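Structure, as structure tokens:
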Amino acid sequence: MDLSRPVAPDPYTQLPPVGSFTVTSEDVADGQTIAEPFTGAKDISPQLSWAGFPASTRSFVVTCFDPDAPRPGGFWHWTVLNLPAATTSLPRDAGAPNGSALPDGTLQTVNDGGTVGYTGAYPPRGDRVHRYFFAVHALDVDRLDVQPAATPAAIALAALPHTIARAVIVPVFQR
């Protein structure tokens, strides 16, 4: 474990408070080690389901963020936006680069690894245990007006004033 860097704070406790709801997964769980298919070895996004979000929700953004990455600003592994409010789950491998398992009109952006879609957990060998914040953000707008080339951080900033509730599940991984 690398003790030379301070542990990054939970990124969502640093933001204005919003409501909460529940996100679950058949593939990952809070505090549990991410299985190999969902790491950088295979880059398969885990299945996610959510419930209990506000009735006023008009769309969702789904993200996966590693605040423990040894680089300023952490590492964004996945960003999916403009998910319709009727969407309550994403199947395993919805983060494939072709986006074929995503609802029509959904946009999947380039992750911090430079590829479209989901890139799995793959911290530096010997580094501390990394946390992977899979978050579902309930928004009060039908869609975010961002360019397809927008960075995940820019999308997070665009979503912030429209986020009315958030659900988070945080598995971990270390190599």
Side-chain angles (χ1 to χ4, degrees), residues 5-18 23 25 28 34 38-46 48 50 53 57-85 87 90 93-124 127-128 130-173 175:
R5 288 185 291 118
V7 174
D10 174 330
Y12 299 111
T13 61
Q14 308 298 304
L15 301 177
V18 295
V23 61
S25 176
V28 296
I34 297 173
F38 313 107
T39 69
K42 300 223 185 229
D43 291 331
I44 296 172
S45 60
L48 299 171
W50 52 93
F53 49 87
T57 300
R58 294 175 55 193
S59 69
F60 295 100
V61 171
V62 172
T63 60
C64 178
F65 178 68
D66 172 5
D68 303 313
R71 54 181 262 167
F75 190 97
W76 292 93
H77 287 262
W78 194 25
T79 304
V80 181
L81 63 148
N82 300 334
L83 286 159
T87 305
L90 291 177
D93 206 23
N98 67 14
S100 63
L102 296 171
D104 288 341
T106 301
L107 177 63
Q108 192 168 223
T109 64
V110 173
N111 56 56
D112 281 347
T115 60
V116 172
Y118 175 79
T119 187
Y122 207 71
D127 202 17
R128 69 177 51 159
H130 286 225
R131 298 163 296 157
Y132 296 85
F133 286 75
F134 286 87
V136 181
H137 312 264
L139 306 184
D140 64 2
V141 293
D142 292 330
R143 50 189 306 103
L144 289 176
D145 186 23
V146 297
Q147 297 298 317
T151 65
I155 292 165
L157 287 173
L160 187 60
H162 297 290
T163 301
I164 55 175
R166 183 179 299 112
V168 181
I169 189 169
V170 188
V172 298
F173 190 71
R175 292 190 321 133

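All figures in this text were calculated on a predicted structure; none of them were measured in a lab.
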- Between V18 and I164, is any pair of side-chain heavy atoms under 4.5 Å apart? no
- Message: My understanding is that only residues two or more places apart in sequence, or in another chain, count here; which of them pass salt bridge (charged side-chain N to carboxylate O under 4.0 Å, His left out) with D93?
- Response: none
- For R131, all residues meeting side chain to side chain donor-acceptor pair (under 3.5 Å), sequence neighbours excluded: D68
- Message: Atom CD of residue position Q14 - does it have more than 12 heavy atoms of other residues, nucleotides or ligands inside 6.0 Å?
- Response: yes
- By side-chain contact (heavy atoms from CB on, under 4.5 Å), which residues pair with T151, not counting sequence neighbours? A153, A154
- Side chains of R128 and V7: closer than 4.5 Å at any heavy-atom pair? yes
- Query: Excluding sequence neighbours, so at least two apart, what forms side-chain contact (heavy atoms from CB on, under 4.5 Å) with D145?
  - Reply: none
- Taking only residues two or more places apart in sequence, or in another chain, which ones meet P124 in a side-chain contact (heavy atoms from CB on, under 4.5 Å)? P70, D127, H130
- Taking all non-hydrogen atoms of both residues into account, name the closest pair between A101 and A94 and its distance. CB-CA, 3.9 Å
- Query: Quick one: CD1 on I44 to OH on Y118, what's the gap to the nearest 0.5 Å?
  - Reply: 9.5 Å
- Item | Which residues share a salt bridge (charged side-chain N to carboxylate O under 4.0 Å, His left out) with R58, sequence neighbours left out | D142
- Message: Enumerate the salt bridge (charged side-chain N to carboxylate O under 4.0 Å, His left out) contacts for residues 98-120, please, sequence neighbours excluded, ordered by first and then second residue.
- Response: R71-D112
- Residue pairs passing the salt bridge (charged side-chain N to carboxylate O under 4.0 Å, His left out) test where at least one lies in residues 94-103, sequence neighbours excluded: none
- Taking all atoms of both residues into account, what is the closest heavy-atom pair of V23 and I169, and its distance? CG1-N, 3.7 Å
- Testing L83, V136, T106 for side-chain contact (heavy atoms from CB on, under 4.5 Å) with L90, which one passes? L83
- Side-chain contact test, heavy atoms from C-beta onward, threshold under 4.5 Å: evaluate it for P123 versus R175 and give yes or no. yes
- Item | Set of side chain to side chain donor-acceptor pair (under 3.5 Å) partners for N111, sequence neighbours left out | T115
- Who are the side chain to side chain donor-acceptor pair (under 3.5 Å) partners of S100, not counting sequence neighbours? N98
- Message: Going by ring pair (Phe, Tyr, Trp, His ring centres under 6.0 Å), name the residues that satisfy it together with Y132, two or more places apart in sequence or in a different chain.
- Response: H77
- Note on the structure: Sorted by chain and residue number, the side-chain contact (heavy atoms from CB on, under 4.5 Å) partners of V168 (sequence neighbours excluded) come out as Y12, F133, A135, R166, V170
